[in-house]
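The chains referred to below are lettered A, B, ... by the order of the sequence lines, with proteins before strands, and numbering in each begins at 1.
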There are 2 protein chains.
Amino acid sequence: MTLSSAKKMNLQHKDFYSKNDKIYVATDCIIFGFDDGDLKLLIFKRKQEPDAGIWSLIGSFVKLDEDVNNAARRVLEEITGLSELYLEQSKTYGNADRDPGYRCLSVAHYALIRIGDYDKKLVEEHGAYWYTLKDLPTLALDHNKMVSDALAILRRKARYEPIGFELLPEKFTIPQMQKLYEAIYQRELDPRNFRKKLLSHKVLIKLEEKDKSGSKRGAFLYRFDSEKYEELRESGYNFEI
Amino acid sequence: MTLSSAKKMNLQHKDFYSKNDKIYVATDCIIFGFDDGDLKLLIFKRKQEPDAGIWSLIGSFVKLDEDVNNAARRVLEEITGLSELYLEQSKTYGNADRDPGYRCLSVAHYALIRIGDYDKKLVEEHGAYWYTLKDLPTLALDHNKMVSDALAILRRKARYEPIGFELLPEKFTIPQMQKLYEAIYQRELDPRNFRKKLLSHKVLIKLEEKDKSGSKRGAFLYRFDSEKYEELRESGYNFEI
DNA sequence: CCAAAAGTGTTTACACTACACCCATGA
DNA sequence: TCATGGGTGTAGTGTAAACACTTTTGG
């Protein structure tokens, strides 16, 4: 422990637990992005032994004076340059033998980020790469399991909470959103039904502009009305798609 | 670290992470039970300083050579004498200042147990007590938050998985099950609709016997057909109530 | 015989599904 | 002008919700 850590924690007092074991605590981040019709994952080449050079999630040890979720935020900011992003704890991996490097517990977090909305230089400096989920390589340690668990959580969540907006640009079209959901659930959806249900929640603001990147005709852009959504949510409304 | 710990982990090799901080890791158990129409929680008087004597969840430190989920099982068995029970990880609490005793992370687990199905002596020896959820006292550290988080998870889960059976005796009546769901959701349910939906899954076996404790007429007892449920589940069926 | 809980069916509204065609535009 | 994706409406079906009375039996 560093001196500054001790000061921040105000650890003048006794360590009441000193007869027990201490363990390394890490956090690993499952970073989802969406681009080009595909759900992607940001991974990089592990620098730390053991398994250095292997594709891996991005993670870090938790410092003695650091909240676990802040450790995850720190990692994400270091890599992407983004300080405000959607981040949730997913699950904790605590088997004694999960890390051959030493006993180390990992509190996994998953993040949703808009691809292109981050500092590309930072990402490149870290040897990071956006992999399409479908052809993800074998990752270090138990990271593949972390990804599949997080994906299951994402799927469940996407059904009941408007997290899709975290993965699309601020202005997006209905067909884009549909493609996102199709990527998350790996199945096709009916465009009429999808549009109907999405708009039925009345939390989208239709803009004048069109996005012509997807077709000659162009599709109207929308914005998510987060104030209205918060209102609805507080009065017991349940987003569902 | 004890010698036996070192042997079990086979830690002949280098500690690759030695320049990082280590942290105490604990697990705390949110133990739900159901009795007398009420959802209850098993808590006890904390023995460890700080906060010794305060009502608290049951927990323990995780040993260096111990899986986190096994630590939770160990705690539950020590208290209740039950080795086989429904146990799930709920959430990890990792704020730097959450425990004034020292930096300590807690991986919370929740368990569902049938009240009366455990060794009462063991429980009494530990100064434990079944508290009705509604009038739960203030608990040590962040344990009240742990309880409310776990309750939220339980509610979500009860809707889509047949966890009700974990909280009732092996033989139970439909009205008992309804009371359980009413306790979980804190609202009244229509007995006709509830019965219809519950039986529609075809995973209950109606017995000849009646339970007369609840009324003069008596209610038929049922058993959960877990083999059939597993079959259904494997072929993609989704329990929902 | 009566209080108290168990058990039973039907109707209604709403939400989900399936499904096919026209529109706008750039090349 | 045509190829491409955007956008629209409706009928049918199944599921959830609302709702009231009869049955049983111990006291």
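- Straight-line distance from the CG atom of L189(A) to the P atom of dG5(D): 18 Å, rounded to whole Å.
- A donor-acceptor pair shorter than 3.5 Å cannot be found between the side chains of S83(A) and R73(A).
- Using bins of under 30°, 30° to 60° and over 60° for the plane-to-plane angle, the ring pair F32(B)/Y110(B) lands in the perpendicular bin.
- Of all nucleotides in DNA chain C having an atom under 4.0 Å from a heavy atom of chain A, the first and last in 5' to 3' order are dC16(C) to dG26(C).
- Aromatic ring centres of F224(A) and Y229(A): separated by under 6.0 Å.
- If you look at F194(A) and Y181(A), their ring centroids are closer than 6.0 Å.
- The distance from atom CG of L199(B) to atom CE of M177(B), rounded to the nearest 0.5 Å, is 10.0 Å.
- Rounded to an integer number of Å, the gap from CG of L199(A) to P of dG6(D) is 14 Å.
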For nucleotides 16-27 of chain D, 5' to 3', base contacts (B), sugar-phosphate-only contacts (S) and non-contacts (-) with protein non-hydrogen atoms under 4.0 Å give -BBBB--BBBB-

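- Distance I174(A) CD1 to dG5(D) C1': 15 Å, rounded to the nearest Å.
- Below 30°, between 30° and 60°, or above 60°: for W55(B) and Y131(B) the angle between ring planes is above 60°, a perpendicular geometry.
- Looking at residues two or more places apart in sequence or on another chain, you find a ring-ring contact (aromatic ring centres under 6.0 Å, His included) between Y237(A) and H201(A).
- Ring to ring, Y160(B) and F239(B) are not that close: their centroids are 6.0 angstrom or more apart.
- When the C1' atom of dG6(D) is taken as reference, atom CZ of F194(A) falls 14 Å away, rounded to whole Å.
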